[in-house]
Amino acid sequence: MTLSYKKLANPFVYQGYESPEYFCDREAETKTLLSHLKNGRNITLISPRRIGKTGLIKNTFYHLKEEENDAICLYLDIFATKNLNDFVEQLGVMVINDIVRKNASFLEKTIAFFSALRPVLSMDPLTGEPSVSITVEPTQEDITIRSIFNYLNESGKEVYIAIDEFQQIAEYPEKGTEALLRSYIQFAQHVHFIFSGSKQHLMAEIFGSPKHPFYQSTEMMGLKPLKCDIYYNFCQSFFKQKGGDLSKEIFEHIYQQFDGHTWYIQCIMNRLYESESQVENMSQVNAALLSILEGREPQYESMTQFFTENQFALLKAIAKDGIVAQPTASKFIKGHKLSGASSVKAALKILEDKELVYRTNDGYHIYDRFMDLWLKRI
């Protein structure tokens, strides 16, 4: 089956996924994911945020639906979940709503099957389509997960589920969450999984440590930035289509400034495409960046109200340097007039926990690259 898709006024998508036409490359990665899934191998996909992980998953699902007309493809982002109950409710809502949306005639049967979840049917006021919400009673998570997997296994279809930010389960207060999920997943013959996450150390621990139930239960896969030349050709093609041109030198500068992180580059390209036909100097890029930063300034200013003086000073210092290999070194502390090493260490831990700062092999960076630019300006 060939899926149809609409033409976009602006081809540079940075929120969600549209279709392969607006998705750059990742042909090898998509092929690998398809091969694993169709041959019954679950996958662990690890990459930093905003590098294109979600887009890759949805592009893979797009091609799965082309090849398997009745395939069920479900995407679940559990970043905001705080406990097992949140997870089960979100999984249940996703499964039931997908069934209801595609098979309205089976609505009564579906609700009866999930009666233990106390489903409540309502109508979306904007679309007029049916929508179901559920409530999972505390201590009933095990029974609820069992009913969900029983339904999926008995659906007679191949089911593909991507659980994004899967490392979040390590933060749940309930003990045994990993073992509970693993106990059902390992026997789900027709349900296939992509477990994706952005915190490499936690994902590596969950899937790579013999102490954990998911140990060696999946194929491991990393994701690197798109190659600059391939990405440039993709972007240039859209400017050419409207009779314009994108300077390769300018694009390479943008690519290097954001280390190839797809989301930021797409965001800038979206602004440039809107306002320019010929992109040939940095003043155009700087104008686009300024517009983006001004739009985000209220958000960043409100965030700073929750920082201590030491935390904010450290955040600004890291932004000024761009990358900091040794934040507790006396040279760095004195150079930015920070408090002592112990204060810096304590502030750094908070900033890491809040995912405002992250560490690579080269040192510490500001997580949000636009916030990094904003901090450099103030």
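When a residue number appears, it is its place in the shown sequence, counting from 1.
A heavy-atom distance below 4.5 Å is found between the side chains of L180 and L84. Q257 places a side-chain heavy atom less than 4.5 Å from the side chain of L289. F258 is listed as a side-chain neighbour of L373, based on a closest heavy-atom distance under 4.5 Å. Under the 4.5 Å side-chain criterion, counting only non-hydrogen atoms from C-beta, V344 is not in contact with S339. The closest side-chain heavy-atom distance from M371 to L375 is below 4.5 Å. For the pair L314/V357, no side-chain contact is recorded, criterion being any heavy-atom separation below 4.5 Å from C-beta on. Side-chain contact between D86 and N83 is present, with heavy atoms from C-beta onward closer than 4.5 Å. Side-chain contact check for P48 versus H261: some heavy-atom pair is nearer than 4.5 Å.
Side-chain N or O atoms of K320 include one that pairs as donor or acceptor with a backbone N or O of K376 at under 3.5 Å. In this structure, the side chain of N42 engages the main chain of F193 through a donor-acceptor pair within 3.5 Å. Side-chain N or O atoms of N39 include one that pairs as donor or acceptor with a backbone N or O of S35 at under 3.5 Å. Remark: side-chain polar atoms of D77 are paired, donor with acceptor, to backbone N or O of F79 under 3.5 angstrom. The backbone N or O of A287 lies less than 3.5 Å from no partner atom in the side chain of S291, so there is not a single donor-acceptor pair.
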- prompt: Between I254 and M269, does a side-chain contact (heavy atoms from CB on, under 4.5 Å) hold up when you go through it step by step?
  reply: CA-CA 9 Å; I254 297 169; M269 287 294 112; 3.6 Å; yes
message: Q266 vs Y231, test: side-chain hydrogen bond (donor to acceptor under 3.5 Å, both in side chains). Steps then yes/no.
response: CA-CA 10 Å; Q266 288 288 109; Y231 203 174; 2.8 Å; yes
message: Does Y17 form a side-chain contact (heavy atoms from CB on, under 4.5 Å) with L56? I'd like the steps, not just the answer.
response: CA-CA 9 Å; Y17 173 86; L56 172 61; over 6 Å; no
- prompt: Going through the checks in order, is the side-chain hydrogen bond (donor to acceptor under 3.5 Å, both in side chains) test met by Y184 and D142?
  reply: CA-CA 10 Å; Y184 290 110; D142 190 342; 2.5 Å; yes
Candidate pair D372 and H365, rule side-chain contact (heavy atoms from CB on, under 4.5 Å), full reasoning: CA-CA 9 Å; D372 178 75; H365 306 251; over 6 Å; no
message: Let's go through E165 and T81 carefully: what are the C-alpha distance in whole Å and the side-chain angles of both, what is the deciding distance for side-chain contact (heavy atoms from CB on, under 4.5 Å) to 0.1 Å, and is it a yes or a no?
response: CA-CA 10 Å; E165 301 302 341; T81 61; over 6 Å; no
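Screening residues 177-191 for salt bridge (charged side-chain N to carboxylate O under 4.0 Å, His left out), with sequence neighbours left out, gives no hits. Contacts classified as salt bridge (charged side-chain N to carboxylate O under 4.0 Å, His left out) and involving residues 27-38 (residues at least two apart or in different chains) are given here: R26-E29, K38-E67. Within the structure, every pair that satisfies the ring pair (Phe, Tyr, Trp, His ring centres under 6.0 Å) test and touches residues 196-218, not counting sequence neighbours, is listed here: F166-F207, F166-F214, F195-F207, F195-F214, F207-F214. Here salt bridge (charged side-chain N to carboxylate O under 4.0 Å, His left out) pairs that include residues 254-272, with residues two or more places apart or in two chains, are D259-R369. For residues 275-328, the pairs satisfying ring pair (Phe, Tyr, Trp, His ring centres under 6.0 Å) are Y300-W374, with sequence neighbours left out.
Closest approach of K7 to Y22, counting heavy atoms only: CA-OH, 3.3 Å. The nearest pair of heavy atoms linking P225 to Y255 is CB-OH, 3.9 Å. Taking both residues in full, the closest heavy atoms of T44 and T218 are given as OG1-OG1, 2.5 Å, listed atom of the first, atom of the second, then distance. The nearest pair of heavy atoms linking L226 to C24 is CD2-O, 3.6 Å. Across every non-hydrogen atom of D229 and E252, the tightest pair is OD1-OE2, 4.5 Å. Across N85 and E174, no two heavy atoms sit closer than the pair N-OE2, 4.3 Å.
Judged as a side chain to side chain contact (heavy atoms under 4.5 Å, CB included), and not counting sequence neighbours, S275 has no contacts. Every residue was checked against the side-chain hydrogen bond (donor to acceptor under 3.5 Å, both in side chains) condition with T304, not counting sequence neighbours, and none meets it. Residues meeting the side chain to side chain contact (heavy atoms under 4.5 Å, CB included) test with E280, sequence neighbours left out: Q278, Q284.
Other residues, nucleotides and ligands place more than 12 heavy atoms under 6.0 Å from the CD atom of E68. Around CD of Q189, the count of heavy atoms belonging to other residues, nucleotides or ligands within 6.0 Å does not exceed 12. Around CZ of R359, the count of heavy atoms belonging to other residues, nucleotides or ligands within 6.0 Å does not exceed 12.
Remark: the T308 side chain and the N310 side chain contain no N/O donor-acceptor pair separated by less than 3.5 Å. No hydrogens or angles considered: a donor-acceptor pair under 3.5 Å links the side chains of D164 and Y75. For the 3.5 Å distance criterion, the side chains of R50 and S198 fail to qualify, holding no donor opposite an acceptor.
The hydrophobic cluster containing Y367 also includes Y358, under a criterion of side-chain heavy atoms closer than 4.5 Å among ILVMFWY residues, counted directly or through chains of members.
How far CD1 of I163 is from CG of L181: 7.0 Å, rounded to the nearest 0.5 Å. Between I145 atom CD1 and N150 atom CG the span is 11.5 Å, to the nearest 0.5 Å.
No chain of hydrophobic side-chain contacts below 4.5 Å, direct or via other Ile, Leu, Val, Met, Phe, Trp or Tyr residues, connects I292 to L290. Residue Y232 is grouped with residue Y14 when hydrophobic side chains (ILVMFWY) are merged at heavy-atom distances under 4.5 angstrom, including chains of intermediate members. I268 and I230 are assigned to two separate hydrophobic clusters, defined by single-linkage of ILVMFWY side chains at heavy-atom distances under 4.5 Å.
Aromatic ring pairs are classed by plane angle as parallel below 30°, tilted from 30° to 60° and perpendicular above 60°; the pair Y160 and F61 is tilted.
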Can you give the donor-acceptor pairs under 3.5 Å from side chains of residues 331-338 to other protein atoms, not counting sequence neighbours?
{"unit_1": "H336", "atom_1": "NE2", "unit_2": "D321", "atom_2": "OD1", "d": "3.0"}
{"unit_1": "H336", "atom_1": "NE2", "unit_2": "D321", "atom_2": "OD2", "d": "3.4"}

What pairs of donor and acceptor atoms, side-chain ones from residues 346-356 against any protein atom, are under 3.5 angstrom apart with sequence neighbours left out?
{"unit_1": "K349", "atom_1": "NZ", "unit_2": "D353", "atom_2": "OD2", "d": "3.1"}
{"unit_1": "E355", "atom_1": "OE1", "unit_2": "R49", "atom_2": "NH1", "d": "2.9"}
{"unit_1": "E355", "atom_1": "OE1", "unit_2": "R49", "atom_2": "NH2", "d": "2.6"}
{"unit_1": "E355", "atom_1": "OE2", "unit_2": "K199", "atom_2": "NZ", "d": "3.0"}

Using distance only, find each side-chain donor-acceptor pair of residues 241-250 under 3.5 Å and give its atom names and separation, not counting sequence neighbours.
{"unit_1": "K242", "atom_1": "NZ", "unit_2": "Y273", "atom_2": "O", "d": "2.6"}
{"unit_1": "K242", "atom_1": "NZ", "unit_2": "E276", "atom_2": "O", "d": "2.8"}
{"unit_1": "D245", "atom_1": "OD1", "unit_2": "Q236", "atom_2": "NE2", "d": "2.8"}
{"unit_1": "D245", "atom_1": "OD1", "unit_2": "K240", "atom_2": "NZ", "d": "3.4"}
{"unit_1": "S247", "atom_1": "OG", "unit_2": "E249", "atom_2": "N", "d": "3.3"}
{"unit_1": "S247", "atom_1": "OG", "unit_2": "I250", "atom_2": "N", "d": "3.2"}

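Aromatic rings from F187 and F149 are positioned such that their centres are separated by 6.0 Å or more.
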